[in-house]
Amino acid sequence: MSVGVSVRPFDVARVRADFPILAQKIYGRDLVFLDSAASAQKPRAVIAAMTEAMERQYANVHRGIYWLSERATEAYENARDAAARLLKAYDRSEIVFTRNSTEAINLVAHSYGRGVLRPGQAVVISEMEHHANIVPWQMLRDAHGIDLRVAPITDSGEIDLVSLARLLEDGRVGLVALTHMSNVLGTCTPARRLAALAHAHGAKLLLDGSQAIVHRIVDVQEIDCDFYVFTGHKLYGPTGIGVLWARHELLEQMPPFLGGGDMISSVSFARSEWAAVPHKFEAGTPPIVEAIGLATAIAYVEALGYEAIAAHETTLVDHALSRLSSIPGLRIFGHAQDRGGVVSFALEGAHSHDIATLLDRQGIAVRAGHHCAEPLMQRLGVESTARASFGLYTTKDEIDALAEGIDRVREFFA
Amino acid sequence: MSVGVSVRPFDVARVRADFPILAQKIYGRDLVFLDSAASAQKPRAVIAAMTEAMERQYANVHRGIYWLSERATEAYENARDAAARLLKAYDRSEIVFTRNSTEAINLVAHSYGRGVLRPGQAVVISEMEHHANIVPWQMLRDAHGIDLRVAPITDSGEIDLVSLARLLEDGRVGLVALTHMSNVLGTCTPARRLAALAHAHGAKLLLDGSQAIVHRIVDVQEIDCDFYVFTGHKLYGPTGIGVLWARHELLEQMPPFLGGGDMISSVSFARSEWAAVPHKFEAGTPPIVEAIGLATAIAYVEALGYEAIAAHETTLVDHALSRLSSIPGLRIFGHAQDRGGVVSFALEGAHSHDIATLLDRQGIAVRAGHHCAEPLMQRLGVESTARASFGLYTTKDEIDALAEGIDRVREFFA
Amino acid sequence: MFEDLRDLYQEVILDHGRRPRHGSRLAAFDATARGDNPLCGDRIALWLKYAEGGAIERVGFEAKGCAISIASADLMAETVAGISDEEARQLAAALQALAKTGDAPIVPEPLAERLERLLPLAGVHEFPSRVKCATLPWHALLAALTGRENATSE
Amino acid sequence: MFEDLRDLYQEVILDHGRRPRHGSRLAAFDATARGDNPLCGDRIALWLKYAEGGAIERVGFEAKGCAISIASADLMAETVAGISDEEARQLAAALQALAKTGDAPIVPEPLAERLERLLPLAGVHEFPSRVKCATLPWHALLAALTGRENATSE
Ligand SMILES: Cc1ncc(COP(=O)(O)O)c(C=O)c1O
Ligand SMILES: Cc1ncc(COP(=O)(O)O)c(C=O)c1O
């Protein structure tokens with residue numbers, strides 16, 4: 001093992017001790033939680049930060065001229081700094097807090113889509129997007145006359161770059177909106193190449209980082225993308241908060257999305273003037289306590305270190321692929337070169353729901369269904385898959401438990 | 001004192017013990033928190049429910065076929081029941097969870113405003129609305145050709161019903177959107193009369209209950225309104241969650257607002273079909289933990305009982321009005337017959353910011369500014385006011401402290 | 001290990017789930033409907049043919065779904081053959097109650113025996129996330145009976 | 001009681017806040033700008049007149065705001081009279097640093113004495129929610145200098 005500050009041994013037992021829920025018994029069995037890609041569990045530090053915020057320094061933010069409100073405002077704006085630091089944003093004013101990834105993408109679809117893109121221009125998505133990165137663009141297409149183009153994926157589950165380039169060729173594409181990591185296939189997409197490709201054709205790039213940010217270091221300056229979104233609850237943070245990062249000049253250009261308090265500079269009945277970015281996009285009382293929780297989650301992940309996290313995860317994925325692929329009748333979806341901690345599979349003779357129910361009775365939580373990616377299911381020729389996904393706290397033993405659990409499912413339906 | 005189950009003595013000392021933050025010292029002094037109208041403090045039960053949700057039964061909702069997700073889904077949907085019960089909704093499917101009141105009103109402005117109202121129709125608001133109930137309608141006006149009409153208020157701070165009726169006369173008004181209680185003047189508006197008036201002219205009624213729900217029992221069936229919105233953080237609940245109630249048939253009629261997961265019934269690239277209400281309006285991972293916290297806040301308020309709460313509050317308001325109005329140079333804004341626990345004032349020779357800073361140093365938190373109601377400030381002929389607002393935990397002693405504090409401010413600037 | 005799952009996956013369910021007897025489209029039919037469970041991707045299409053006297057003669061279906069939903073669809077096809085629309089509605093209501101509560105409601109005599117054949121589906125009530133699997137085919141049936149095109153089991 | 005507030009509300013501040021010397025519109029002016037603090041409703045409009053040689057001759061303002069913002073506007077009018085645009089910009093930057101940190105930055109000799117007259121505004125740095133009150137007039141000044149119409153102190 002190499003010696004150095006940057007490579008810390010990743011102590012999964014210590015990490016697990018930080019997550020109270022992992023002590024939970026399910027039907028009398030140890031909880032094996034393999035659904036972190038849907039939503040991750042929360043470390044004690046996040047829960048404590050939220051509690052502390054509500055017990056000791058809670059008040060509404062931004063307009064209060066008193067101690068509690070000043071403390072809450074400071075904590076809320078510090079959360080913006082934490083998100084800016086995490087993404088290597090150019091500036092804290094580029095961080096807009098939303099409810100979740102879905103709202104962040106909708107914000108771009110409304111504000112950039114209706115406010116900056118012109119009818120006749122096109123948006124490109126891919127076959128492996130989450131509904132959150134499909135439906136807002138369909139609504140934009142139907143309301144605003146935007147052409148919606150779909151980049152195919154290869155059989156190994158990667159973006160087909162040649163086809164993507166062809167979709168961009170006519171120069172009418174204003175925005176490319178792609179996942180940075182598939183929540184079904186685990187595929188990590190080549191962000192820098194995508195940005196270069198989009199820019200070469202005059203298009204902006206939005207990356208849906210809902211999954212990627214959990215597994216990989218993200219540097220929006222290095223990637224050189226234009227929009228990046230993620231959601232707090234998958235990054236070991238609270239529900240009710242998400243992040244939109246966008247280049248300052250784009251945010252300046254975009255009209256506001258929701259109207260209300262805090263996003264205006266002045267209001268009269270005749271006309272309102274908008275506040276400076278990012279406030280222009282944050283109408284009403286924001287998720288204050290959730291922002292504080294998110295800042296703590298970010299600090300938690302940073303303290304463990306993305307290098308260590310990625311190394312841990314690679315071990316898990318390799319182990320899972322080797323264990324699962326030796327199960328007869330089991331088919332794994334997605335064989336990308338660069339992949340994160342998500343493994344989707346189908347089992348001959350057992351529907352994914354039945355798999356999930358039978359695993360549940362063994363204490364093992366996996367997800368079954370279309371994973372909010374119906375078009376991808378169609379591409380794969382299935383209605384649904386079962387999916388195991390891994391977090392900081394996942395162990396190789398848990399993956400063994402999954403493999404054994406699947407064996408029992410096979411026997412049950414044999 | 002009358003004897004009976006419905007009249008419980010309201011024990012403010014016991015209530016205060018439920019709110020951990022009230023033990024906080026500010027500059028070495030007891031905290032006198034008089035800014036509940038901006039955001040209320042949270043009782044221990046709410047904080048504990050959120051902690052418990054994250055420590056023992058957390059998972060993403062709706063699509064998980066395993067124990068934790070089933071528990072979380074149940075808790076989330078139970079929160080919908082709690083909100084439905086609170087508002088006396090006809091049906092739980094009429095409750096849509098949003099981020100806050102602001103988003104709830106924006107949802108209606110987008111979805112009902114652009115989807116159902118036709119250009120040329122009008123929306124009526126009043127002079128005493130919060131920006132949250134002004135700006136979305138301005139944006140609708142500018143984007144969709146809707147006429148925006150403003151009902152004046154009387155000098156005592158009540159809706160001018162005669163003028164309102166005149167605004168409705170031509171039958172072009174599709175929606176009347178009014179506050180149920182002013183966050184500046186404390187005025188409670190006559191909801192039933194407003195509903196009858198709106199309906200008589202073929203208009204729907206939206207009530208902004210952000211303040212009212214904290215102080216008064218609300219029965220949407222009895223009021224006979226069409227939309228009702230409130231925000232969790234003012235009702236002793238978490239940030240990051242709000243409620244839109246609307247009649248089932250209106251929700252059915254309205255196109256979705258945000259697109260993404262959970263709000264669809266099927267997605268293909270050609271076209272998506274929407275889920276049934278209320279899910280059609282809840283895109284993406286909802287504020288799960290916040291919904292659970294809100295349900296607990298609702299239960300907390302219900303356990304104290306609105307009758308007792310209102311009685312306590314009336315005592316406080318009467319006491320405040322009598323104490324403050326005897327201070328030389330102090331002017332109180334708003335003299336409605338029916339009013340809740342909010343008192344705005346100005347002091348000769350001292351700007352509201354200076355008042356707030358000087359009170360803060362005495363441990364007293366009040367709000368100063370335009371209270372997100374700039375048009376109302378103009379109507380009152382001021383730029384800003386200072387505002388004291390009361391919660392369950394407010395005591396007469398605290399109001400005395402405020403009055404004494406203001407006396408010191410006067411001396412300071414004399 | 002799966003003792004408590006035997007309630008859910010009774011032999012009858014496993015058998016009908018594996019080898020549905022009515023799992024095919026009818027060439028000639030009088031009514032048809034589709035059903036979707038938006039939350040998990042289950043789908044069913046069914047076709048319904050009436051006999052001379054007006055009773056349901058046959059039901060055929062094509063479904064993508066789990067053991068429970070296929071078995072429920074197949075048992076539905078079996079139990080509604082030979083009864084009237086109104087009786088089929090009553091049976092559907094009874095099945096929905098059964099799946100949600102685990103208890104069989106009281107039904108008129110001629111249906112009682114049919115409902116009994118559906119009892120193996122009662123176990124689903126302990127699995128809240130699976131109740132919809134059992135009820136989806138019946139939603140589609142109701143849709144076909146009232147001439148609607150789509151049903152969702154939400 | 002208010003001992004610690006004496007840093008914020010020094011006599012100079014209270015005095016200028018109460019009785020600003022330059023609180024009126026200039027009949028003849030060369031530049032003008034408005035400033036808003038959107039978060040609290042403070043507003044200022046200012047007018048600026050240049051002398052023959054190009055230095056600022058006079059500044060007048062109309063403002064709605066608290067003691068701090070009025071005093072800051074009045075002290076600004078006082079201290080920028082007689083200096084060049086460039087110097088006024090430097091003084092504005094120095095005031096902003098002073099209000100945020102409480103420390104006076106080093107400025108070129110001719111400005112040092114003017115900055116000293118602004119020192120009473122240093123106390124605001126301990127009151128994060130009030131910093132904008134002190135800086136708003138200076139934002140408006142910068143806007144007037146660059147010919148912009150509006151400034152916000154966000
Ligand atoms: C009357 C009124 N309406 C709407 C709002 C907006 O609430 P929120 O900021 O939670 O959306 C408020 C509170 O600020 C309010 O007092
Ligand atoms: C790739 C991807 N995008 C978007 C989302 C939506 O996230 P949220 O539901 O938090 O908005 C998810 C998670 O469900 C996801 O995996």
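Quick note on labels: first sequence line is chain A, next is B, and so on, each numbered from 1.
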Does any heavy atom of chain B fall under 4.5 Å from the side chain of [X], the backbone, both, or neither of them?
X      : answer
A:P286 : backbone
A:H110 : side chain
A:I134 : side chain
A:A270 : backbone
A:A40  : backbone
A:L22  : neither
A:R141 : side chain
A:F19  : neither

Pick one of side chain, backbone, both or neither for [X], based on which atoms fall under 4.5 Å of a heavy atom in chain A.
X      : result
B:M139 : side chain
B:M377 : neither
B:S69  : side chain
B:I241 : neither
B:V366 : backbone
B:V150 : side chain
B:L31  : side chain

I need the residue from [options] with the largest number of non-hydrogen atom pairs under 4.5 Å to chain B.
options                        : result
A:T357, A:T51, A:T285          : A:T285
A:Y27, A:W137, A:W67           : A:W67
A:S101, A:A59, A:A143, A:S39   : A:S39
A:Q57, A:Q378, A:E103, A:H353  : A:E103
A:H130, A:R271, A:R44, A:H371  : A:R271
A:P238, A:P255, A:S266, A:G363 : A:S266

So which atom in [X] and which in [Y] form the shortest heavy-atom distance, rounded to 0.1 Å?
X      : Y      : value
A:S268 : B:P375 : CA-CG, 4.4 Å
A:S272 : B:V135 : OG-CG2, 4.1 Å
B:G261 : A:C372 : CA-SG, 3.8 Å
B:P136 : A:G259 : CG-O, 3.5 Å

Does the [X] side chain pair with the main chain of [Y], one donor and one acceptor, at a distance under 3.5 Å?
X      : Y      : result
A:N106 : B:L258 : no
B:E55  : A:P20  : no
A:T102 : B:A283 : no

Between [atom1] of [X] and [atom2] of [Y], what distance do you get to the nearest 0.5 Å?
X      : Y      : atom1 : atom2 : answer
A:R99  : B:T98  : CZ    : OG1   : 7.0 Å
A:Q138 : B:I264 : CD    : CD1   : 10.0 Å
B:F269 : A:E374 : CZ    : CD    : 11.0 Å

Pair B:Y58-A:H233, side chain to side chain contact (heavy atoms under 4.5 Å, CB included): steps then yes or no: CA-CA 11 Å; B:Y58 182 77; A:H233 66 94; 3.8 Å; yes
Can you find a heavy atom in the side chain of [X] that is under 4.5 Å from one in the side chain of [Y]?
X      : Y      : value
B:L68  : A:I26  : yes
B:R56  : A:Q24  : yes
B:D360 : A:I65  : no
A:Y66  : B:R367 : yes

Pick from B:I288, B:V289, B:V267, B:L107 with the largest number of heavy-atom pairs that fall under 4.5 Å of chain A: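 The answer is B:V267.
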Heavy-atom pairs under 4.5 Å with chain A, option from B:V46, B:N100, B:N133 with the top count: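 Most heavy-atom pairs within the cutoff with chain A belong to B:N100.
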